[in-house]
Amino acid sequence: MQADQNLEAVYIDKHYNLVVECKQGSKKACYELYRLYSKAMLNVAFRIVGNIAEAEDVLQEAFLDAFGKVKDFRQDTTFGLWLKQIVVNRSINLLRKRKLELIEMEGEQLENIPDEEFEDDEETQLQAARVKEAMKELPEGYRLVISLYLLEGYDHEEIGEILNISENTSRTQFLRAKRKLVEILKRKGITS
Amino acid sequence: MSKRLESFIEMNREEFDELEPSADLWSRIEQHLPPQYNEPKKREAKTFSLGFVMRVAASVILVMGISFAVYLRNTKKEVIDLAAINPEYAQQQIQYTSQIETKRTQLESIAQSEPELYKEFNSQIAKMDSTYKQLNSELATSPNQERVLHAMIRNLQIQTQVLSQQLSVIEQYNNMKKEQKNGIKNI
């Protein structure tokens with residue numbers, strides 16, 4: 001979110017008027033907003049819930065939720081960020097229903113997890129498709145934190161709030177997740 | 001690797017959003033939209049109905065027509081600047097019109113007591129007045145405005161004279177009546 005929020009400070013929502021029309025009850029404006037944001041939001045939901053059918057359910061509910069309470073949306077942030085918050089919260093609620101132990105390391109000592117640099121960095125050929133594949137192999141808790149941080153752009157403070165954990169836990173969990181991800185990538189022979 | 005992974009994802013962010021929502025997802029959402037999006041009244045308020053547009057167009061045309069007519073009238077009046085044709089006549093015109101005005105109100109005072117007489121006198125004046133109005137309307141388009149204006153002044157002059165005579169007739173008539181009364185009293 002760091003990048004997003006910086007943009008936020010500079011640019012006003014280019015779809016501001018569309019949201020105003022939507023507030024006034026225009027179904028057409030709602031459809032436009034759906035068209036603009038559905039794809040990105042589906043991917044957000046998918047990365048959290050890890051299942052396309054459930055991600056679509058989340059998306060449907062999130063849009064209905066958004067259109068239902070758009071009148072109360074004061075537009076002090078963009079519709080995109082506001083909607084993303086709804087999508088993320090609903091996705092996480094779904095995980096909670098599955099009784100996932102999101103973070104099993106509360107209270108654990110923050111033993112230092114070195115943010116190591118890998119010697120073979122230069123030879124590592126990263127490919128988006130492979131990184132995505134590797135992310136799917138991560139345990140759900142790890143995937144969640146790494147998605148929120150690296151892809152959805154939330155910082156650790158925000159992730160802490162979303163997941164109801166401390167900022168430090170989020171940071172530790174993220175480092176572990178990243179280490180795990182690199183391991184998977186290596187195992188898959190991405191490094192030569 | 002650590003920072004590399006971050007910057008790699010940042011650079012290739014779009015490639016991580018590869019899933020497309022299924023085509024029928026919107027229709028599923030549409031079915032469950034809150035009621036405020038399905039009230040036709042609100043829609044109508046936003047898009048103007050044909051009838052409303054026609055009514056607005058009609059009133060715009062009407063207003064334009066009226067203002068054009070008013071404009072034409074004003075310009076016509078402006079064209080007939082009597083002082084520009086002949087300042088002397090213009091002054092006379094004002095003089096006579098005000099004289100006629102006062103004389104006609106004097107004449108009106110007998111309308112109650114002598115309705116027959118008033119009717120007679122008034123019709124004479126009305127005839128002349130309509131001639132005057134005709135001249136006045138010709139004035140705007142006349143090639144010789146001074147002549148028309150002169151005729152108008154003559155008309156007013158005659159009107160004044162006729163009115164004066166009528167008033168003196170009335171005065172004589174009234175005197176006669178008084179004398180008759182006195183005569184009766186004297187007898």
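Just so it is clear, the values below take in all heavy atoms, side chains as well, and ignore hydrogens, waters and symmetry mates. All chains are named by letter (A, B, ...) in the order of the sequence lines, taking the proteins before the strands, and each is independently numbered beginning at 1.
The side-chain heavy atoms of Ile29(B) and Glu61(A), taken from C-beta on, include no pair separated by under 4.5 Å. Between Leu59(A) and Pro21(B), some side-chain heavy-atom pair lies under the 4.5 Å cut-off. Side-chain contact between Glu6(B) and Tyr149(A): present, with at least one pair of heavy atoms (C-beta onward) separated by less than 4.5 Å. Proximity of Asp17(B) to Arg47(A): side-chain heavy atoms (C-beta onward) are separated by under 4.5 Å at one or more points. In this structure, Leu25(B) and Phe63(A) have side chains that are not in contact, with every pair of non-hydrogen atoms separated by 4.5 Å or more.
Under the 4.5 Å side-chain heavy-atom criterion for Ile, Leu, Val, Met, Phe, Trp and Tyr, Ile52(A) and Tyr37(A) are members of the same hydrophobic cluster. A single hydrophobic cluster is seen to contain both Leu62(B) and Val70(B), as judged by linkage of ILVMFWY side chains at heavy-atom distances under 4.5 Å, directly or through other members. Follow the hydrophobic side-chain contacts under 4.5 Å out from Val63(B) and you never reach Tyr71(B); the two are in separate clusters. Hydrophobic cluster membership is shared by Val169(B) and Ile100(B), with clusters built from Ile, Leu, Val, Met, Phe, Trp and Tyr side chains linked at under 4.5 angstrom. Ile158(B) is connected to Tyr96(B) through a chain of hydrophobic side-chain contacts under 4.5 Å among Ile, Leu, Val, Met, Phe, Trp and Tyr, so both are in one cluster.
For Gln91(B), the CD atom sits in a loose shell: 12 or fewer heavy atoms of surrounding residues, nucleotides or ligands are nearer than 6.0 Å. Few gaps surround CD on Glu138(B); more than 12 heavy atoms of other groups in view lie less than 6.0 Å from it. Applying the 6.0 Å contact sphere to NZ of Lys132(A) captures more than 12 heavy atoms from other residues, nucleotides or ligands. Within 6.0 Å of CD in Gln134(B) there are 12 or fewer heavy atoms belonging to other residues, nucleotides or ligands.
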field: Residue pair Lys39(A), Leu19(B): steps toward the side chain to side chain contact (heavy atoms under 4.5 Å, CB included) verdict
entry: CA-CA 7 Å; Lys39(A) 189 182 173 190; Leu19(B) 291 175; over 6 Å; no
message: Please evaluate residues Val131(A) and Phe16(B) with respect to the criterion side chain to side chain contact (heavy atoms under 4.5 Å, CB included), reporting the C-alpha separation (whole Å), side-chain torsions for both, the decisive distance (0.1 Å), and the verdict.
response: CA-CA 9 Å; Val131(A) 174; Phe16(B) 284 85; 3.8 Å; yes
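Proximity to chain B is limited to the side chain of Asp57(A), based on heavy atoms less than 4.5 angstrom apart.
Without hydrogens or angle criteria, Arg13(B) side chain to Leu151(A) main chain gives a donor-acceptor distance under 3.5 Å. Side-chain atoms of Asn43(A) come within 3.5 Å of backbone N or O of Glu18(B) as a donor-acceptor pair. For the pair Glu15(B) (side chain) and Ala129(A) (backbone), a donor-acceptor distance under 3.5 Å is absent.
Ring-plane geometry between Trp26(B) and Phe67(A) is classed as perpendicular, the angle between the planes exceeding 60 degrees on a 0 to 90 degree scale with a lower cut at 30.
With values rounded to the nearest 0.5 angstrom, Ser38(A) atom OG is found 7.5 Å from Glu20(B) atom CD. Separation of atoms OG (Ser7(B)) and CG (Leu150(A)) is listed at 10.0 Å; rounding is to 0.5 Å.
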